[in-house]
Amino acid sequence: MSYLSIKDGQLQVPNQLTVPFIQGDGIGPEIWQASKKVIDTAIYKAYHGQKTIQWQEIYAGQTAFEKFGTYLPDETLATIQEAKLALKGPLMTPIGEGFRSLNVTLRQTLDLFACVRPVRYFSGVPSPLKHPEKTDMVIFRENTEDVYAGIEFLAGQAETTQLIEVLKEQFGVQKIRFPQTSSIGIKPVSKEGSQRLIAAAIDYALANKRKSVTLVHKGNIMKFTEGHFKKWGYDLAEEKYTDVCFTMQTFEKIAKKEGKEAAQKTLNDAQKAGKLIIKDVIADNFLQQILLYPEKYDVIATCNLNGDYISDALAAQVGGIGIAPGGNINYHTGYAIFEASHGTAPDIAGQGKANPCSLLLSACMMLDYVGWQAASHRIICAIEHAIRNKTVTSDFAQAMKEATLLSTQEFGDLLVDLME
Ligand code: NAI
């Protein structure tokens, strides 16, 4: 196997790269079958055999359970740990107490702290907006902390009652309205966790010549968790990115000392000098703003739960989860899992109706991650071409006038033809 490695903090990518993949459950096998040939063809067209991917199948979810009696075999984790990289389809979350989401387990075990979701519009995709083309953002969602840490205590259990007593007796907490019947959840948000995520967002924005990074938070209510996410973000930008960033925290300081006009002038100068602007917005306002003025936002950094809501809301603006890709990345260790952002879609599984674009665009993110942009560019051009011609899968065809309906496999075959 020739896996990705890291030397002196740099990714080392072999030309014959082995990539583990998980087909996933439900529509997973269909979208994988349709996508594999597209990815291989794009790499061949870009590099004429000099670079190739050897796909190594690994198992998780229902298929793993049927084969090995466990939803997440140790071997799967060990292979990803060795390979550092994986592409994955959707996994069903086993229902029942005691099961954690497999996706959350993978993200936490491998400490994949950034969930990266680019959201852009492909011309012709049915959208509820008048101007969906104005939405072009990349979301950096913190992936390991917040209420997703899974620290919860069920109402009525002895440990919950004990915890509530400690809060009352030792910390003077009087605000639990119904202590006898309250469940308790704990929301850890750390300085390290916040700053490594925000640094990744800033680095991405700088490398891709983006204009701003917006810290989306609910700090007006959760002052020490989300409020400090914002504070730690601004502090990081002011301490470590002084030459290349200008923060709205600095703007406010200047406005207070020298007046608004002076602050505005400094901001204008920073923009003229091409500095990255770091700003913030409260999460509920953000959800209004992305509908009213999406063009004001560019790269987004946010805590885990906000990121969950925001990712799906923004995906819907540009055509839904069938076309929204995602990557879970630890920029320090190099580990990365790229994945279709939708679920297993049991309502359409096995019917050839699934749109493979989410998986394909996630593969494009993976190709970009390893520096094979010439291949990802070909896939994106083919997708753009297919959608422009209204040759699409049923999710889009339903909402387009005079569309040609293709099955999942036919859509994949069309993309291959378009690259020939
Ligand atoms: P879902 O994303 O599977 O489906 C929601 C709706 O979107 C359905 O109507 C489905 O038909 C449609 N849809 C999803 N992907 C599509 C595609 N590629 N093309 C066309 N239409 C598509 O969400 P749901 O129903 O809440 O979850 C089903 C299962 O998937 C659950 O077990 C859940 O835990 C799991 N899940 C897994 C995820 C992952 O592995 N990353 C993410 C979300 C859910």
Side-chain angles (χ1 to χ4, degrees), residues 21-35 38 58-65 71-72 76 80 86-97 99-110 112 115-117 122 125-128 139 141 143 148 150 304-305 307-309 311-313 315-316 318-329 336-363 365-366 383 386-387 392-400 403 405-412 415:
F21 73 97
I22 299 170
Q23 292 202 28
D25 303 319
I27 56 172
E30 296 161 60
I31 56 173
W32 168 251
Q33 287 311 322
S35 300
V38 177
I58 53 173
Y59 300 91
Q62 190 62 35
T63 334
F65 188 77
Y71 287 102
L72 189 57
T76 295
I80 300 175
L87 182 64
K88 94 172 238 311
L91 298 176
M92 57 81 83
T93 301
I95 296 172
E97 294 206 6
F99 284 118
R100 289 191 67 193
S101 155
L102 296 172
N103 297 308
V104 175
T105 308
L106 279 170
R107 289 168 197 171
Q108 294 200 346
T109 312
L110 299 167
L112 305 173
C115 177
V116 184
R117 293 275 189 90
F122 284 84
V125 170
S127 153
I139 306 157
R141 163 187 172 191
N143 228 357
Y148 279 70
N304 208 336
L305 183 61
D308 193 9
Y309 301 147
S311 303
D312 278 17
V318 296
I321 47 180
I323 197 166
N328 299 286
I329 306 171
I337 298 182
F338 296 88
E339 63 176 357
S341 59
H342 53 74
T344 58
D347 52 334
I348 56 168
Q351 300 171 33
K353 288 183 178 171
N355 187 340
C357 284
S358 174
L359 184 66
L360 275 170
L361 293 170
S362 303
M365 287 177 75
M366 183 185 83
I383 292 176
I387 295 173
V392 288
T393 46
S394 79
D395 53 335
F396 288 174
Q398 283 167 18
M400 277 178 170
L405 172 65
L406 299 182
S407 71
T408 310
Q409 189 60 52
E410 286 167 344
F411 184 78
L415 297 185

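Start at 1 and go down the list; that is how both ligands and their atoms are numbered. By convention here, the first residue in the shown sequence is residue 1.
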> Which pair of heavy atoms, one from Ala349 and one from Gly26, lies closest together, and at what distance?
Replying inline: CB-C, 3.7 Å
> Atom CE of Met366 and atom CG of Leu359: how far apart are they, to the nearest 0.5 Å?
Replying inline: 9.5 Å
>> Under a 4.0 angstrom heavy-atom cut-off, which atoms of ligand 1 come close to Pro90?
In response: 40 (O)
> Which protein heavy atom lies closest to atom 30 (O) of ligand 1, and at what distance to 0.1 Å?
Replying inline: Thr344 N, 3.0 Å
> In the protein, which heavy atom is nearest to atom 1 (P) of ligand 1, and how far is it?
Replying inline: Gly343 N, 3.5 Å
>> Distance under 4.0 Å to a non-hydrogen atom of Ala354: what atoms of ligand 1 satisfy this?
In response: 19 (N)
> At their closest point, which heavy atom of Phe411 faces which heavy atom of Ala386, and how far apart are they?
Replying inline: CE1-CB, 3.8 Å
>> Suppose I only count heavy atoms of Met92 and a 4.0 Å limit; which atoms of ligand 1 are within that range?
In response: 32 (O)
> Any idea which heavy atoms bring Ala60 and Leu72 closest together, and the distance?
Replying inline: CB-CD1, 4.0 Å
> What's the shortest heavy-atom distance between His342 and Ser358, and which atoms?
Replying inline: CD2-CB, 3.5 Å
> Looking only at protein heavy atoms, which one is nearest to atom 35 (C) of ligand 1, and how far off is it?
Replying inline: Leu91 O, 3.5 Å
>> As a check for students: among Lys88, His342, Glu30, identify the option with a heavy atom nearest to atom 42 (C) of ligand 1.
In response: His342
>> Could you identify the single nearest non-hydrogen protein atom to atom 4 (O) of ligand 1 and state the distance to 0.1 Å?
In response: Ala345 CA, 4.2 Å
> Rounded to the nearest 0.5 Å, how far does CG of Asn143 lie from OH of Tyr148?
Replying inline: 9.5 Å
> At the 4.0 Å heavy-atom cut-off, does Ser358 count as touching ligand 1?
Replying inline: no
>> Please report the interatomic distance OG1(Thr393) to CD(Gln398), rounded to the nearest 0.5 Å.
In response: 9.5 Å
>> Using 0.5 Å steps for rounding, measure from the CD1 atom of Ile387 to the CG atom of Asn355.
In response: 7.0 Å
>> Could you identify the single nearest non-hydrogen protein atom to atom 41 (N) of ligand 1 and state the distance to 0.1 Å?
In response: Asn103 ND2, 3.4 Å
> Protein heavy atom under 4.0 angstrom of atom 28 (C) of ligand 1, is there one?
Replying inline: yes
> Any idea which heavy atoms bring Thr63 and Gly24 closest together, and the distance?
Replying inline: OG1-O, 4.1 Å
>> Exactly one of Arg141, Glu339, Lys88 should register a side-chain hydrogen bond (donor to acceptor under 3.5 Å, both in side chains) with Asn328. Which one does?
In response: Glu339
>> Please compare Gly61, Pro346, Gly24 and report which has the shortest non-hydrogen distance to atom 25 (O) of ligand 1.
In response: Pro346
> What heavy-atom pair brings Ile329 and Ala336 nearest, and what distance separates the two atoms?
Replying inline: CG1-CB, 4.1 Å
> Got the closest protein heavy atom to atom 9 (O) of ligand 1, with its distance?
Replying inline: Asp347 OD2, 3.0 Å
> Closest non-hydrogen protein atom to atom 34 (O) of ligand 1, residue and atom name please, with distance?
Replying inline: Thr93 OG1, 2.9 Å
> What do we get for Ile321 next to ligand 1 when only non-hydrogen atoms under 4.0 Å count, side chain, backbone, both or neither?
Replying inline: side chain
>> Among Asn355, Asn328, Ile348, Asp395, which one puts a heavy atom closest to atom 22 (C) of ligand 1?
In response: Ile348
> For ligand 1, which part of Thr393 has a heavy atom less than 4.0 Å away: the side chain, the backbone, both, or neither?
Replying inline: neither
